[in-house]
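Shown next, in structure tokens, is the structure this report addresses.
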Amino acid sequence: GIGYYTTDGTVISFNSIASRDMNGIPEDFVGKSIFDLFPKEEANFYFERLQKAVNSNDIEVYEDRVELPTQVKWFLSTYTKIVNSENEILGIQIISQNVTPIKQSEVELKSAKEKAEESDRLKSAFLANMSHEIRTPMNGILGFINLLNEPDLSKVEIEQYSAVINRSGERLLTTINDIIDISRIESGEMAVLKEKTSINNMMDELYSFYSPEVKQKGLSLLLKPA
């Protein structure tokens, strides 16, 4: 789109493309001041650009976000001073290219990049957590196997230790399945499984699991029934 302005900001002419980009026809703009076409603050902004072009011998280049009544558009614009053979200023030529599709693509690419980076962060956090989840049951399995090798164990103790080893093995298997499921998470095919859980049973399992390690370190672990 091409438009010509006087140095005080009055439209001399608008071609059809410039008019269309502003959602109108050339006759809607010719003879009007930028103070008629834009809100005061925005008009002052453009007027300052015109004055900068008046006082410059260079082509001034700007990128603008313009809020129109029905949509937002982006324009890449050049401001050029037009002079005659006596170097008298005849006006300012503004050539604007509608770069809205390009800006929209940039926004989409930025969004995709941010999502990819977030996915990488989540994957790293997931794998770090999974490594912890693997070590914990493995330590439990190895620790309680060693306890089973101690002499003079009662039948109750053997059953308790065996139960912890069994639960640790199940937990380890669940963790391995979770790692396999990461591909399903990335593809959006992971379904949320909701089921009832006994908090009391969970706390009992945690207490049994960590008690030997706590005892070995000379610490105290208390479980208070609700």
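Sequence positions, counted from 1, serve as the residue numbers for this chain. These values consider heavy atoms only, across backbone and side chains, with no hydrogens, waters or symmetry-generated copies.
- Residues Glu60 and Asp58 are in side-chain contact: their nearest non-hydrogen atoms beyond the backbone lie under 4.5 Å apart.
- For the residue pair Asp8 / Thr10, a side-chain donor-acceptor distance below 3.5 Å is found, with atom types taken as modelled.
- You'll find the side chain of Gln51 stays beyond 4.5 Å of the side chain of Glu48, heavy atoms only.
- Interatomic distance, CE of Met203 versus OG of Ser198, reported as 11.0 Å (0.5 Å rounding).
- Rounded to the nearest 0.5 angstrom, Ile2 CD1 and Thr78 OG1 are separated by 9.0 Å.
- Taking CG from Asn201 and CG from Leu206, the interatomic distance works out to 11.0 Å, rounded to the nearest 0.5 Å.
- Scanning both residues, Asp152 and Glu157, for their nearest heavy atoms gives O-OE1, 4.4 Å.
- Side-chain contact between Ile92 and Lys81 is present, with heavy atoms from C-beta onward closer than 4.5 Å.
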Between Val11 and Leu37, is a side chain to side chain contact (heavy atoms under 4.5 Å, CB included) present by the stated rule, with each step listed? CA-CA 10 Å; Val11 177; Leu37 301 176; 4.0 Å; yes
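- Between Ser13 atom OG and Tyr4 atom OH the span is 6.5 Å, to the nearest 0.5 Å.
- The main-chain N or O of Gly143 is never found under 3.5 Å from a side-chain atom of Asn146 such that the two would form a donor-acceptor pair.
- Crowding of Lys52 atom NZ: a count of heavy atoms from other residues, nucleotides or ligands under 6.0 Å not exceeding 12.
- Checked for salt-bridge contact, Arg167 and Glu170 miss the test: no charged N lies under 4.0 Å from a carboxylate O.
- Pairing each heavy atom of Phe144 with each of Ser208, the nearest pair is CZ-O, 3.4 Å.
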Taking it one step at a time, do Tyr207 and Val214 satisfy side chain to side chain contact (heavy atoms under 4.5 Å, CB included)? CA-CA 10 Å; Tyr207 181 79; Val214 169; over 6 Å; no
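- Nearest heavy-atom pair, Val30 versus Phe14, reported as atom, atom and distance to 0.1 Å: CG2-N, 4.3 Å.
- When all heavy atoms of Leu148 and Tyr161 are compared, the pair lying nearest together is CD2-CB, 3.7 Å.
- Heavy-atom contacts from other residues, nucleotides or ligands closer than 6.0 Å to CD of Glu118 number more than 12.
- Under the 4.5 Å side-chain heavy-atom criterion for grouping Ile, Leu, Val, Met, Phe, Trp and Tyr, Met138 is connected to Ile176 within one hydrophobic cluster.
- Counting heavy atoms from C-beta outward, Phe45 and Ile34 have side chains that stay 4.5 Å or more apart.
- The two atoms that bring Phe75 and Ser96 nearest to each other are CD2-CB, 4.2 Å, heavy atoms only.
- Looking at Lys103 and Glu106, a side-chain N of the basic residue comes within less than 4.0 Å of a carboxylate O on the acidic one, giving a salt bridge.
- The same ILVMFWY cluster, assembled from side-chain heavy atoms under 4.5 Å apart, contains both Val54 and Phe35.
- Side-chain contact between Leu50 and Thr7: absent, with no pair of heavy atoms (C-beta onward) separated by less than 4.5 Å.
- No side-chain heavy atom of Ile102 sits less than 4.5 Å from a side-chain heavy atom of Leu76.
- Note that CG of Asn87 and CG of Asn57 are 7.5 Å apart. Values are rounded to the nearest 0.5 Å.
- Ring-plane geometry between Tyr79 and Tyr62 is classed as perpendicular, the angle between the planes exceeding 60 degrees on a 0 to 90 degree scale with a lower cut at 30.
- Around CD1 of Ile59, the count of heavy atoms belonging to other residues, nucleotides or ligands within 6.0 Å does not exceed 12.
- In this structure, the separation between CD1 on Ile199 and CG on Asp204 is 11.5 Å, given to the nearest 0.5 Å.
- A 4.5 Å side-chain heavy-atom check between Tyr46 and Asp64 finds at least one atom pair inside the cut-off.
- Taking both residues in full, the closest heavy atoms of Ile141 and Ser168 are given as CG1-CB, 3.4 Å, listed atom of the first, atom of the second, then distance.
- Side-chain contact between Ile94 and Arg49 is absent, with no heavy-atom pair separated by less than 4.5 Å.
- Between the side chain of Asn44 and the backbone N or O of Lys40 there is at least one donor-acceptor pair closer than 3.5 Å.
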